2 protein chains.
Amino acid sequence: MAGAAGDRVSHVRRRRRPTRSGTLLSAELIVDCALRLIGEHGPEALSVRRLGAALGCDPSAVYRYFHNTDDLLLAVADRIIGDSMDGFVPGPDWVASLREMALRVRDSYRAHPRAAVLASYRVTRRENEFRAVETGVGILVRAGFEPARALRLYLAFIDTVLGHAALDAAALALSPAQREGDSQASTRAYQSVSAETYPLLAAIREDLYALAESSFEPALELMLSALAAQAPARPGA
Amino acid sequence: MAGAAGDRVSHVRRRRRPTRSGTLLSAELIVDCALRLIGEHGPEALSVRRLGAALGCDPSAVYRYFHNTDDLLLAVADRIIGDSMDGFVPGPDWVASLREMALRVRDSYRAHPRAAVLASYRVTRRENEFRAVETGVGILVRAGFEPARALRLYLAFIDTVLGHAALDAAALALSPAQREGDSQASTRAYQSVSAETYPLLAAIREDLYALAESSFEPALELMLSALAAQAPARPGA
DNA sequence: AGCCTTATGTCAACACCATTGACGCAAGAT
DNA sequence: ATCTTGCGTCAATGGTGTTGACATAAGGCT
């Protein structure tokens, strides 16, 4: 049960004691700091020790607010999910609305890759997610789908988006060493494609840079076109 | 450097020295052992020290075969990909062939959920991955797509499949404590759907069990229908 | 057959990590 | 003014990946 809001250690702070360096700790502040650390110095910069150093407190003070690092990362993930749908209202064009939803999720993930990778594993089934489901299903229902079918299609859609967003985020979350390794391996692989073993790949050798790029947009458009094709003719349209 | 097949440390073994306990090491054997460790004792059981213990050798011997643990992890990922595509030959129906590819990948991930989660977000750029790309692009080319477009569409398709497979695997890979937490959150959420805040969800309350299910198949069918719709009329068809 | 190179298994050490239990200070209640 | 206890601090434990020096035997070469 690591992660539920009520489970956070000492959820209501009764006594607030400043750290040695004078700052007042809080769960919010720690999440802020974690996001900042990840954003500024890469995903591997997030450790309890560094967190303590950045916060100006002993590393173990973090455990007064979160059970463990997984708990902390879930809190970070929750913050990201809440932020992504913030202020979103569907427009009249249902396909465009779904597209915007997808891009919002993707951008939010890309903004916090490391936490996003962790978030994508755990479907939260919490407030923010239900709001998103209600919104998304609403878009499809207004497009003319039966409610139950709208739910199924929405789930297929959003899981696809989440999967791709996670893949994108994972690529960004790679440590510099891994990233370099990937790129070196790529260039070498491009050159070593032989016409004998891989005739097709050899024939489109100059297009192979696509291997290193995100396929989020093409996949999104395929998905949207499939949904559009299945939309029933609306009585009011 | 991590990654390409030719980059593996001492790719061709010239001298084979048994370990203290008598086993003959090999990259294959190490990958086998890693998969077994992860499968039996969870993803966190994979460490160089445990690997050494399980193999009956000094932990550092692993570094004679892989540059680092990331390198090893990529090899594990490539093994999973290779297993899934093993013995696959595309049939005459290109849509059915793509479907089979997707289901094979999904099954392979589900067979090694924890390893899949560890590895799924990495592009291995190793032998097996290239074989899969060659195969998949070939299917689309024979369906009538231009090679470059076939590559783009294949990547969008396979990334979607990988993303969903990873989500499925992640659900299977949750630790018991985490799984219980998720299920508790789910049931609580089902009950708390109120008609006021979520009128749509309340209306389809009996369909909400879909939230807990995989959306792999619906998403796959949407994707396939989109591809089928975009296929050019084949001269020979 | 016997030497020599060197691949490869072993050992010890380093620097980092998360997590925990004891300790003590001071905030806030009584 | 005293007492309780939340919470920041300290020290310690046992884990991690990775590296460099070392030893030993495998297998090519003469």
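Note that the coordinates shown come from a computational prediction; the quantities given were computed from them, not determined experimentally. Just so you know, these numbers use all the heavy atoms, side chains as well, and skip hydrogens, waters and symmetry mates. Naming convention: chains lettered A, B, ... in sequence-line order (proteins, then strands); numbering from 1 in each chain.
When distances are taken from the side chain of Arg17(B) to each of dT19(C), dT18(D), dG9(C), the shortest belongs to dG9(C). Of the candidate nucleotides dG9(C), dC10(D), dT10(C), dC10(D) has the atom lying nearest to any side-chain atom of Asp58(A). The side chain of Arg64(A) sits closest to dC23(C) out of dC23(C), dT10(C), dT19(C). Closest to the Ser47(A) side chain, of the nucleotides dC22(D), dA18(C), dT18(D), is dA18(C). Nearest nucleotide to the side chain of Arg50(B), out of dT18(D), dG9(C), dT16(D): dT16(D).
For Glu44(B), the salt bridge (charged side-chain N to carboxylate O under 4.0 Å, His left out) test picks out no residue, with sequence neighbours left out.
Arg49(B) comes within contact range of at least one nucleobase, with a heavy-atom separation under 4.0 Å.
Within the 4.0 Å cut-off from OP1 or OP2 of dC11(C), at least one side-chain nitrogen or oxygen of Arg20(B) is found. For dT18(D), neither phosphate oxygen OP1 nor OP2 lies less than 4.0 angstrom from any side-chain nitrogen or oxygen of Ser60(B). For dG9(C), one of the phosphate oxygens OP1 or OP2 lies less than 4.0 angstrom from a side-chain nitrogen or oxygen of Tyr65(B).
Per the geometry, CG belonging to Leu73(A) stands 14 Å off C1' belonging to dC17(C), to the nearest Å. In this structure, Asn68(B) places its CG atom 8 Å from P of dT19(D), rounding to the nearest Å. Here the P atom of nucleotide dG8(D) and the CZ atom of Phe66(A) are 12 Å apart, to the nearest Å. Per the geometry, CD belonging to Glu44(A) stands 13 Å off P belonging to dA18(C), to the nearest Å. Rounding to whole angstrom units, NE2 of residue His67(B) and C1' of dT19(D) are separated by 15 Å. If you take OH of Tyr63(A) and P of dG21(C), they are 12 Å apart, rounded to a whole angstrom. In this structure, Leu29(B) places its CG atom 15 Å from P of dT8(C), rounding to the nearest Å. At whole-Å resolution of the value, CZ in Arg16(B) and P in dG9(C) are 9 Å apart.
Under the 3.5 Å distance criterion, the side-chain polar atoms of Thr19(A) are left unmatched by any main-chain donor or acceptor of Cys57(A). Between the Arg49(B) side chain and the Pro59(B) main chain, no donor and acceptor come within less than 3.5 Å of each other.
Counting heavy-atom neighbours within 6.0 Å of Glu213(A) CD, excluding the residue itself, gives a total above 12.
Summary of the strand contacts: Pro18(B) and Leu46(B) both lie near DNA chain D, and taking for each the nucleotide with the nearest heavy atom, the more 5' one is attributed to Leu46(B).
Between His164(A) and Phe216(A), the two ring planes are perpendicular [angle over 60°; tilted spans 30° to 60°].
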